[in-house]
Amino acid sequence: MSDTDPKTLLKTDTKLAHAGRDPSSFHGFVNPPVVHASTVLFPDVETMRPGGQKYTYARRGNPTTDSLEEAVKELEGAEGVLLANSGLNAVSLAVLSCVKSGDHILITDTAYHPTRHFADTVLPKFGVEVDYYDPALGADIAALFKPNTTAVFTEAPGSLTFEMQDIPAIAQAAHAAGALVLMDNTWATPLFCQPLALGVDLSIQAGTKYIVGHSDAMLGTIAASERAWEGLHELHGAMGCHVAPDDVYLGLRGLRTLSVRLERHQRNTLDVLAWLRDQPVVAQIRYPGLDTDPGHAIWKRDFTGASGLCAFDFVAGTTRDQSNTFLNALKIFGLGYSWGGFESLAIPAKLKGSRSVTPVDESRCSIRLHIGLEDPEDLINDLSQALGKAFG
């Protein structure tokens, strides 16, 4: 018989259904309990010594948080996973676990705007030097490393403009320079991309999006490789991080259906974009899952699927008033900044100030869409009537 852990042989859908659950530990109940707690009691003084029992204080975890961390750990193939109270909190914790005063970090120029804000306003106060890099560099990023470079932050695809990055090439260059690699993998989740298998050391998700999946909780996850785990675990504990058990439970509940939801998000998105690219007022669609996208080859090599987040540009000459009329006319698509839930959303993609080293046409009218779980025909009809009101 093989000594291989049978859990490692399970397919993804089976892991989603079973990871992080042990009904025998909770009287046979399928789902773990939602543990509301702060204080943990010890049977005696001797047990109060470090390591005397598994749980010592709820800030350091309880059966509810352990269940989600263990499930995500299995999905990510990680040394360990820790939770954060939002995606941005996960980003900031992951970054801070890799840098100290005097260090230098490279961040992709396409990073999520709140990530940039954190890097521009918080890191310099702690003496950390920040430089942004062209996401198209790949292995050429090696030329940007300094003796004090300790981390590279990637995001694929890029926020708002959806450029892909050659993550394995970046990781190889970073590791040769002794730097850790971080990746915001919220768009794909570990179901469609396995960052740690590509060489990433810290895989970050805004669990608020697809893990929770129902727009009713805030959550972040950080999955660490062996080389990054100790630093992350130490910082997470020192910062006193803890996610409320009700939010963790909502993340666990959402996780169980992640695969079927992502499959539907992808299918709906492809249907909607197939219609959208035939519209004369649409100049460009930004979605790596399309074979017309500039990043499609990298996506096809490193990813196994595409989610529901995409963007498109109106043709040159489109006015802000026309763009706003289009958005205001939408009836099924809501106007909201988040994404990943069951509902479809739209926002104007504000590109001004989003770059510092790579050019972007700030004059173009761009729309970001999240394609939800509604019937795609209804979504297409909603877009069609809104375009009609905006362009006549």
No-hydrogen, no-angle side-chain donor-acceptor test under 3.5 Å, [X] and [Y]:
X      : Y      : answer
Asp120 : Tyr132 : yes
Gln322 : Arg320 : no
Arg355 : Thr358 : yes
His265 : Ser307 : no
Arg116 : Ser354 : no
Asn85  : His242 : no
Glu76  : Gln205 : yes

* To do: May I ask you to establish whether Arg261 and Phe342 are in a cation-pi arrangement, using a distance under 6.0 Å from NZ or CZ to the six-membered ring centre and at most 45° from the ring axis?
  =>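 Judged by the rule, Arg261 and Phe342 form no cation-pi pair.
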Quick one: does any side-chain atom of [X] pair with a main-chain N or O of [Y] as donor and acceptor, under 3.5 Å?
X      : Y      : answer
His370 : Ser344 : no
Asn268 : Gly372 : yes
Thr154 : Leu182 : yes
Ser366 : Phe312 : yes
Asp109 : Asp134 : no
Thr115 : Ala111 : no
Thr65  : Gly61  : no
Gln172 : Pro168 : no
His214 : Val212 : yes
Asp247 : Val243 : no

* To do: Look at the rings of Trp187 and Tyr287 and say which category their plane angle falls in: under 30° parallel, 30 to 60° tilted, over 60° perpendicular.
  =>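 Ring orientation of Trp187 relative to Tyr287: perpendicular.
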* To do: Evaluate whether atom CD of Glu230 has more than 12 neighbouring non-hydrogen atoms of other residues, nucleotides or ligands under 6.0 angstrom away.
  =>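 Not more than 12 within 6.0 Å, no.
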Ion pair present between [X] and [Y], side-chain N to carboxylate O less than 4.0 angstrom?
X      : Y      : answer
Asp201 : Arg227 : yes
Arg49  : Asp44  : no
Lys300 : Asp291 : no
Asp361 : Arg364 : no

* Less than 6.0 Å separating the ring centroids of Tyr55 and Tyr57? ->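 No; Tyr57 has its ring centre 6.0 Å or more from that of Tyr55.
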* Kindly indicate, with the supporting measurements, whether the criterion side-chain hydrogen bond (donor to acceptor under 3.5 Å, both in side chains) is fulfilled by Asp184 and Thr186. => CA-CA 6 Å; Asp184 185 333; Thr186 303; 2.7 Å; yes
* Asked: To the nearest 0.5 Å, what is the distance between OG1 (Thr47) and CZ (Phe42)?
  ->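 Reported to 0.5 Å precision, the distance equals 8.0 Å.
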* Test log, rule salt bridge (charged side-chain N to carboxylate O under 4.0 Å, His left out), inputs Lys73 and Glu79 -> CA-CA 7 Å; Lys73 176 183 173 180; Glu79 178 70 16; over 6 Å; no
* Asked: Under the ring pair (Phe, Tyr, Trp, His ring centres under 6.0 Å) criterion, do Phe326 and Phe314 qualify, and how do the steps go?
  -> CA-CA 11 Å; Phe326 165 78; Phe314 285 120; 5.6 Å; yes
* **Stepwise side-chain hydrogen bond (donor to acceptor under 3.5 Å, both in side chains) check, Asp246 with His36** => CA-CA 8 Å; Asp246 292 295; His36 295 90; 2.9 Å; yes
* Worked check of side chain to side chain contact (heavy atoms under 4.5 Å, CB included) between Leu96 and Phe118 -> CA-CA 11 Å; Leu96 289 174; Phe118 163 76; 4.0 Å; yes
* Indicate the atoms forming the closest heavy-atom contact of Lys389 with Ala329, along with that distance. =>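 Heavy atoms only, the tightest pair is CD-CB, 3.7 Å.
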